[in-house]
There are 2 protein chains.
Amino acid sequence: MELESSPDLSQADPDRAAPISPAGAREWLRLTPWLAGVPAGTLGRLAGEALVHRVPAGSMIFEQAETPVFATLLVCGTVGLLAVRDAAESLVELATPFDMLLPAAVLNRQPYLLRARVLEEAHLLLIPAAAFRDAVAADHALCLAILALQAAQFRRQVRHIKNMQLRSAVERAGTYLLRLAQGQSARRPIRLPMEKRLIASQLGMTRETFSRALSAMAKHGLKVDGDVLVIEDLERARARFPLDPLIDGDEAINPVMKAEFRAAGAPHGEPQ
Amino acid sequence: MELESSPDLSQADPDRAAPISPAGAREWLRLTPWLAGVPAGTLGRLAGEALVHRVPAGSMIFEQAETPVFATLLVCGTVGLLAVRDAAESLVELATPFDMLLPAAVLNRQPYLLRARVLEEAHLLLIPAAAFRDAVAADHALCLAILALQAAQFRRQVRHIKNMQLRSAVERAGTYLLRLAQGQSARRPIRLPMEKRLIASQLGMTRETFSRALSAMAKHGLKVDGDVLVIEDLERARARFPLDPLIDGDEAINPVMKAEFRAAGAPHGEPQ
DNA sequence: GCCGGACATTGACGTGGATCAACACATGGC
DNA sequence: GCCATGTGTTGATCCACGTCAATGTCCGGC
């Protein structure tokens, strides 16, 4: 059930003062899937205090050890969350729309443990931290939504760790390619979705080893030429690189339990 | 509560563990620090449906890919959450009181991604999953508490990843020992808190490597003999193994924002 | 007592992947 | 046009760890 947010549109457009925004904060919040179910009033109040920023690739959004000033919602682009040692960065988590960036730090009022850097030009929705926490504390539906989001992000992390610990570099590359092919018609060439160096860091390896892994792929039915992947022998590839739903599955954001669902009477149903 | 050193029982058999406990579910919930602030009524209702189990070391609490039946609160002992590949297990997370085991899976109604195995005899409080979700959906204070818990667990996980990615095996061992020494008077011998093989897996290395790392420690002012650590040169050790609050800090569970605290203006201290 | 089984230590060995380095290729600014 | 910069490939090298194996020690059971 979609609640129209018309009532709150009466509020003046404070977003107009914000740095160039292709879409207003209000629309972005309405588009955020895991916020469906949160009362329009609450979203409107958040939107009222929010800013929308466009941030070019390479820039830093926040630094580790900083105390969160905003709750950051990524609505467009890609952001890397990086562990920092001296000058070297290593990717810990990859944020994509519509993730929030490290909500845990914002909620628990603690310093960020990671640096956030834009990998592909991003659009951010920035909500002042205090306002965000107040809203979560005040609105139960919002609290449930954030809880579901946080849970999903936790599980994505676990998947990532398993991928790192349980598979070799070649296996990670292979399964990555096979995931790309999921749902595509076989034999159709597939473009890699980002630069190879980004894929490599996402897979927890250096450009060099990723490159070598890709050449080795030919032995197993996968050919990559430039940024195009061609499946030459799907069976063979699947045999060598079996996908594991507990690692490679998509992490759905399941609402913990929405009031209307409970009322509707599926109290003990366990949808898989 | 002392270790009864119960004879045998080394084999897992959940049904054999007595559902009746030394302490009742109600008391355990009242003792759980991060549940302070949740109305007694809600806790009482949860306790009404809960079971308390004593589980011997070595037994499996749940298997990966299982759908959660209970929300599991660890009130005593240690539980490892393990990634599984064929026969090999590798530790992803270490749960200690008063953690919940993978609340994300329970909340989002999704299969566990990890296996849970008891490392040191544990006492569990088991709340039927549906009842737990209902309670979270119904009680805002509980929802906030779980959110804070989940956030803390997320951050612990990030700390763990940073520890693995950013430090060598020797460094992890060194910083581990130095953390033990925190708050102890210098020069006083310190007993290792668990078997070395458990520490090793907690630090993400094999027993052998850990053993070698410990011998190497002598070069840096830390001497370990058997299960006893003696600090011989604190300055030197600290220089070689600097503790990083963003990795080695304790993760406090900060209530997101409780109405009474906001009014009282007494936010819990920010450790570190 | 003796024995079997966990835990721990130490040595020898192999290796996956990072690191260093050289080079090709594309892009964009001026 | 030309040059600077970032990307990708390939080769040579290195080393931090894991693996395998032998040995020692402690402990509980019979």
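Below, read A as the first sequence line, B as the second, and so on, with proteins coming before strands; counting in each chain starts at 1.
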Can you tell me how far [atom2] of [N] sits from [atom1] of [X], to the nearest Å?
X        : N      : atom1 : atom2 : result
A:Gln165 : C:dG16 : CD    : P     : 18 Å
A:Lys196 : D:dT10 : NZ    : C1'   : 13 Å
B:Ile199 : C:dA8  : CD1   : C1'   : 13 Å
A:Met164 : C:dG16 : CE    : P     : 17 Å
B:Arg207 : D:dC17 : CZ    : P     : 18 Å
B:Glu195 : D:dC26 : CD    : P     : 16 Å
B:Leu119 : C:dA6  : CG    : C1'   : 16 Å
A:Met194 : D:dG8  : CE    : P     : 12 Å

Q) Does a donor on one side chain sit under 3.5 Å from an acceptor on the other, for A:Gln64 and B:Lys162? A)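 Yes, B:Lys162 and A:Gln64 have a side-chain donor paired with an acceptor closer than 3.5 Å.
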
Q) Salt bridge or not for A:Glu171 and B:Arg85, using N-O below 4.0 Å? A)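 Counted as a salt bridge, because a side-chain N and a carboxylate O are separated by less than 4.0 Å.
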
Q. Does a salt bridge link B:Arg238 with B:Asp233, judged by any charged N lying under 4.0 Å from a carboxylate O?
A. no

**Q.** DNA chain D contacts among residues 168-177 of chain A, heavy-atom distance under 4.0 Å
**A.** none

**Q.** Shortest non-hydrogen separation from A:Pro111 to A:Ala65 and the atoms involved
**A.**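 Looks like CB-O, 3.5 Å.
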
**Q.** Where A:Ala25 and A:Val52 come nearest, the two heavy atoms and their spacing
**A.**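 What the structure gives for the nearest pair is N-CG2, 3.8 Å.
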
Mind checking if [X] touches a base, just sugar-phosphate, or nothing, with heavy atoms under 4.0 Å?
X        : answer
B:Glu208 : base
B:Arg197 : sugar-phosphate
B:Gly204 : sugar-phosphate

Q) Quick one, which residues of residues 209-227 of chain B touch DNA chain C with a heavy atom under 4.0 Å? A) B:Ser211, B:Arg212, B:Ser215

Q. Would you say the side-chain atoms of B:Gln153 pair up with the backbone N or O of B:Met100, donor to acceptor, closer than 3.5 Å?
A. yes

Q | Neighbour count above 12 (heavy atom, 6.0 Å) for B:Lys223 NZ | A | no

(Q) Quick check on side-chain contact (heavy atoms from CB on, under 4.5 Å): which of A:Ile231, A:Leu229, A:Ile199 does A:Leu177 satisfy it with? (A) A:Leu229

Q. For the residue pair B:Phe98 and B:Trp28, does the interplanar ring angle fall in the parallel (under 30°), tilted (30 to 60°) or perpendicular (over 60°) class?
A. tilted

Q.
For B:Arg156 and B:Glu93: C-alpha separation, side-chain torsions, deciding distance, then whether salt bridge (Lys or Arg N to Asp or Glu O under 4.0 Å) applies.
A. CA-CA 9 Å; B:Arg156 277 217 322 249; B:Glu93 202 193 337; 3.5 Å; yes

Q) Are any non-hydrogen side-chain atoms of A:Glu232 and A:Leu222 less than 4.5 angstrom apart? A) no

(Q) Need the bend value for the helix from C:dG1-D:dC30 to C:dC30-D:dG1: angle between end axes, 5 pairs each end, nearest 10°. (A)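 Rounded value for the end-axis angle: 30°.
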
